[in-house]
Number of protein chains: 2
Amino acid sequence: MTEPAHFWYADDPSVAEILEAVRRFRRADEDMRRRISAGMRMNVTDMSALQYVIAVEQRGGHAHPGDIAGHLGISTASTTKLLDRLSASGHLTRTTHPTDRRSVVVAATPHAHTELRERLGRMHEAMAAIARAVPPQARGDVSAFLDAMSDHLDSERGVAPLTSA
Amino acid sequence: MTEPAHFWYADDPSVAEILEAVRRFRRADEDMRRRISAGMRMNVTDMSALQYVIAVEQRGGHAHPGDIAGHLGISTASTTKLLDRLSASGHLTRTTHPTDRRSVVVAATPHAHTELRERLGRMHEAMAAIARAVPPQARGDVSAFLDAMSDHLDSERGVAPLTSA
DNA sequence: GCTAGTAGGTAGCCAGGCTAGTATCCAGGC
DNA sequence: GCCTGGATACTAGCCTGGCTACCTACTAGC
């Protein structure tokens, strides 16, 4: 009863295989996030926020509550609570912006950096290894496929044009 | 501030591209689910459940509350409430199993079938078209890559072995 | 130096999870 | 035939983590 659905518009078995692989990947990713978050005693959103802050810092930038809200798709009010939780747990710190005192700069603590690296570093390496295992001549096709999928999902509003006709 | 992070373990640009494409795809998928669910005035979990029930039916099977709970990774108690919501909204019906009267059979209403087809049919077709656009000789590599990723994510516990050493 | 706009926080509400406990039912041992 | 154990779903009540609405502090433009 947990077997995959085969109701794709798949004429060709190789196409059906790809679509099924996509479906499986989405589930695996979701489950992994749940497990990792649970392992760090936090919810999935908080985990995402933490990753985001660290990613911004890795690029030499500063994360602000408003950015985090936008990135996560939640309100700034909810983000305030989120930051309260992550501050209380010692993963993030809030400091006021040096010049604009309306603004707040969110920074990950060394502890958060360490913990995330310990838990995700190995996984990222493994993912890179899997990417390297793709034959060089097919790599462009793989990225192009994923990019095309992303473009499509981004453009999808979820309503068939028929409905409003 | 919403630019991608480039802290992958990427020696090779083509590898980095793949990993970045994966990251982007995950976000696009998540956002799409939120939009579609919101468009149908339901939460993401309920939407998933509905898709699951319909998928099971497409394969000629019957969905049971317990299966749904397992598929979604939530308790059977929460599933009861979920089924209450989806019954109230006219998307699902509950009937007792003909022979085993402990069991409940969940079925999607024609309305749910129609609505989902309207909203997702076009998207699935477009996804199939994107898969067909992958050069035939690279299709195996694409599915293999995604499968390997899924395998890895499924196996990942999120704790580095160093931690316990 | 007002006033409009912006960033973030506070208060209070509600949806949607959870655990614990309950009712019903099937299957197996006697 | 009739208990008993395990399966299946539901109910009651709690808690987390969202939301809206409103408020404060601050900057910038005139």
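Any value given below was found using the heavy atoms of this structure, including those in side chains, with hydrogens, waters and symmetry copies removed. Labels below follow one simple rule: chain letters A, B, ... track the order of the sequence lines, proteins then strands, and each chain is numbered from 1.
- When distances are taken from the side chain of Asn43(A) to each of dG8(C), dA9(D), dG18(D), the shortest belongs to dG18(D).
- As the counterpart of dA21(D), dT10(C) is assigned, both hydrogen-bonding distances of the Watson-Crick or G-U wobble pattern falling under 3.5 Å.
- For the atom pair CG of Leu146(B) and CG of Asp151(B), the computed distance is 11.0 Å after rounding to the nearest 0.5 Å.
- Phosphate contact (OP1/OP2 of dC19(D), side-chain N/O of Ser75(A), threshold under 4.0 Å): present.
- Among the nucleotides dA9(D), dT19(C), dG17(D), the one closest to the side chain of His64(B) is dA9(D).
- Checked against dG17(D), dC18(C), dC19(D), the side chain of Ile74(B) finds its nearest nucleotide in dC18(C).
- For Thr80(A), taking side-chain heavy atoms from C-beta onward, the closest of the listed nucleotides dT19(C), dT8(D), dT10(C) is dT10(C).
- Nucleic acid contact class of Thr99(B) (heavy atoms, under 4.0 Å, all strands): sugar-phosphate only.
- For the pair Thr45(A) and dG18(D), the criterion of a side-chain N or O lying under 4.0 Å from OP1 or OP2 is met.
- Using a 4.0 Å cut-off, no side-chain N or O of Arg34(B) falls inside it from OP1 or OP2 of dG18(D).
- OP1 or OP2 of dC19(D) has at least one side-chain nitrogen or oxygen of Ser78(A) nearer than 4.0 Å.
- For Thr76(B), whose side chain is taken as the heavy atoms from C-beta onward, the closest listed nucleotide among dA12(D), dA9(D), dA21(D) is dA9(D).
- Both Thr79(A) and Arg102(A) sit near DNA chain C, but only Arg102(A) has its closest nucleotide nearer the 5' end.
- Arg101(B) places no side-chain N or O within donor-acceptor distance of the main-chain N or O of Thr96(B), the cut-off being under 3.5 Å.
- Within residues 86-94 of chain A, the residues having any heavy atom under 4.0 Å from DNA chain C are, by residue number, Arg94(A).
- His71(A) and Tyr52(A) have parallel rings, their planes meeting at less than 30° on a 0 to 90° scale where 60° marks the start of perpendicular.
- Between Ile68(B) atom CD1 and dA9(D) atom P there is a gap of 9 Å when expressed in whole angstrom units.
- Spacing between atom CG of Asp67(A) and atom P of dA7(C) amounts to 9 Å, rounded to whole angstrom units.
- Side-chain proximity of Val104(B) to dA9(D), dC26(C), dT27(D): nearest is dA9(D).
- Interface remark: the Lys81(B) side chain does form a donor-acceptor pair with the dG17(C) base, using a distance-only criterion of under 3.5 Å.
- Contact check on Arg122(B) versus Glu125(B) returns no salt bridge, with no Lys/Arg side-chain nitrogen under 4.0 Å from an Asp/Glu carboxylate oxygen.
- A salt bridge between Arg34(B) and Asp31(B) is present, with a side-chain N of the basic residue lying under 4.0 Å from a carboxylate O of the acidic one.
- Looking at residues two or more places apart in sequence or on another chain, you find a side-chain contact (heavy atoms from CB on, under 4.5 Å) between Ser87(B) and Arg94(B).
- Between Arg23(B) and Asp29(A) there is no salt bridge, since no side-chain nitrogen of the basic residue lies less than 4.0 Å from a carboxylate oxygen of the acidic one.
- For the pair Leu82(A) and Val105(B), nearest-nucleotide mapping onto DNA chain D gives the more 5' position to Val105(B).
- For dT24(C), the OP1/OP2 oxygens have no side-chain nitrogen or oxygen of Arg101(B) closer than 4.0 Å.
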